[in-house]
Engineer: 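Can you keep this structure in mind? I'll have questions shortly.
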Amino acid sequence: MIGTLSLIIAVLYATKVWANPACAVCTVAVGASLEVARRYGVDDAVVGVWAGAMLALLGYWLILWFEKKNWNFAGRNLLLMTLSVASIGFMYIEMPYAPKVIGVFYMDPLLFSTILGALTFIYVSKFYQWMKARNGGHAHFPFEKVVLPVLALALLSVYFNYYPLGEALPNKADLLDASGLYEFSGDK
């Protein structure tokens with residue numbers, strides 16, 4: 001664990017720094033904290049919020065890399081961001097997809113919160129750029145670029161912690177048994 005963390009820090013330290021929408025240290029911190037959170041029993045919806053933000057951040061970095069390579073095509077940014085966030089699907093190779101009713105949606109809480117976390121991160125990043133432009137190209141306070149997304153994601157995490165996503169749907173057979181309408185053909 002310490003060797004892996006040291007390697008990541010060494011690689012990040014040795015790489016050339018580009019202007020980007022978030023810092024590399026934040027990315028490593030979020031990635032490492034996801035596994036720690038799950039080990040401490042934090043709800044998957046809370047972990048999903050931060051995973052979605054991390055995947056959106058990786059999508060931003062992918063867009064910057066495409067910019068550097070001069071690979072431009074119509075819909076590039078949307079496609080890259082969608083592919084980046086959709087990579088959460090690889091989680092379901094190892095773990096079961098357990099959909100629940102979430103408002104009008106029927107999906108896994110981890111997937112739902114990942115999408116919501118990514119959208120929150122993207123929106124707050126755009127909001128920060130808008131606020132900065134309206135302030136003459138300057139941030140309102142130091143580290144505003146970091147504080148706004150972290151605060152928004154933390155608030156969303158607190159909400160999901162106290163109001164868990166969705167309830168599991170009862171089994172149809174259990175519903176029919178409870179109503180007394182369901183009988184086996186052999187029962188009299």
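Reckoned from all heavy atoms, side chains included, excluding hydrogens, waters and symmetry mates. We count residues from 1, following the sequence as given.
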Engineer: Shared ILVMFWY cluster between L155 and Y128, side chains joined below 4.5 angstrom?
Structural biologist: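 Each belongs to a different hydrophobic cluster.
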Engineer: Closest heavy-atom contact between A45 and F160?
Structural biologist: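 Result for this residue pair: O-CD1, 3.9 Å.
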Engineer: Do L80 and R76 come within less than 4.5 Å of each other through their side chains, counting heavy atoms only?
Structural biologist: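 Answer yes - side chains close enough.
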Engineer: So does Y97 have more than 12 non-hydrogen atoms from other groups sitting under 6.0 Å from OH?
Structural biologist: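 It does: Y97 OH has more than 12 such atoms within range.
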Engineer: Working note: Y162 + V158, criterion side-chain contact (heavy atoms from CB on, under 4.5 Å); need CA distance, chi angles, decisive distance, verdict.
Structural biologist: CA-CA 6 Å; Y162 290 107; V158 168; 3.8 Å; yes
Engineer: Answer yes if V124 and L55 sit in the same cluster of Ile, Leu, Val, Met, Phe, Trp and Tyr residues linked by side chain heavy atoms under 4.5 Å apart, and no otherwise.
Structural biologist: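 V124 does not cluster with L55.
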Engineer: So does I63 get a backbone contact from the side chain of E67, meaning a donor-acceptor N/O pair under 3.5 Å?
Structural biologist: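 Judged by distance alone, no pair lies under 3.5 Å.
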Engineer: M131 vs H140, test: side-chain contact (heavy atoms from CB on, under 4.5 Å). Steps then yes/no.
Structural biologist: CA-CA 8 Å; M131 284 179 21; H140 293 87; 3.8 Å; yes
Engineer: Is there a continuous path of hydrophobic side-chain contacts, each under 4.5 Å between heavy atoms, that joins L64 to V146?
Structural biologist: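 Same cluster: L64 reaches V146 through Ile, Leu, Val, Met, Phe, Trp or Tyr contacts under 4.5 Å.
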Engineer: Return the orientation label for the F112 and F105 ring planes: parallel under 30°, perpendicular over 60°, tilted otherwise.
Structural biologist: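 Rings of F112 and F105: tilted, as their planes differ by 30° to 60°.
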Engineer: Do other residues, nucleotides or ligands put more than 12 heavy atoms under 6.0 Å from Y163 OH?
Structural biologist: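 Not more than 12 within 6.0 Å, no.
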Engineer: Quick one, L156 with L116, criterion side-chain contact (heavy atoms from CB on, under 4.5 Å). Give me CA distance, side-chain angles, the key distance, then yes/no.
Structural biologist: CA-CA 9 Å; L156 189 59; L116 201 56; 4.1 Å; yes
Engineer: Is any side-chain heavy atom of F66 closer than 4.5 Å to one of L62?
Structural biologist: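 Contact flag for L62/F66 side chains = yes.
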Engineer: Over all heavy atoms of both residues, which pair between A51 and I88 is shortest? Give the atoms and the distance, please.
Structural biologist: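 Minimum heavy-atom separation between A51 and I88: CB-CD1, 4.5 Å.
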Engineer: Taking atom CZ as the centre, does F141 end up with more than 12 heavy-atom neighbours from other residues, nucleotides or ligands that are less than 6.0 angstrom away?
Structural biologist: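 Above 12, so yes.
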Engineer: Does any pair with a residue in residues 84-93 pass side-chain hydrogen bond (donor to acceptor under 3.5 Å, both in side chains), and if so which ones, sequence neighbours excluded?
Structural biologist: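 Passing the test, one end in residues 84-93: Y92-D108.
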Engineer: Can you name the nearest heavy-atom pair linking A53 to L153, along with the distance?
Structural biologist: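 Heavy atoms of A53 and L153 come nearest at CB-CD1, 3.4 Å.
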Engineer: For D44 and S113, which heavy atoms make the closest approach, and how far apart are they?
Structural biologist: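 Shortest heavy-atom contact: O-OG, 3.8 Å.
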Engineer: Looking at every heavy atom in both T120 and A152, which two are closest together, and how far apart are they?
Structural biologist: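 So the minimum-distance heavy-atom pair works out to CG2-CB, 4.0 Å.
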Engineer: If every non-hydrogen atom of P109 is compared with every non-hydrogen atom of K100, which pair is closest and at what distance?
Structural biologist: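 Closest heavy-atom pair between P109 and K100: CG-CD, 3.8 Å.
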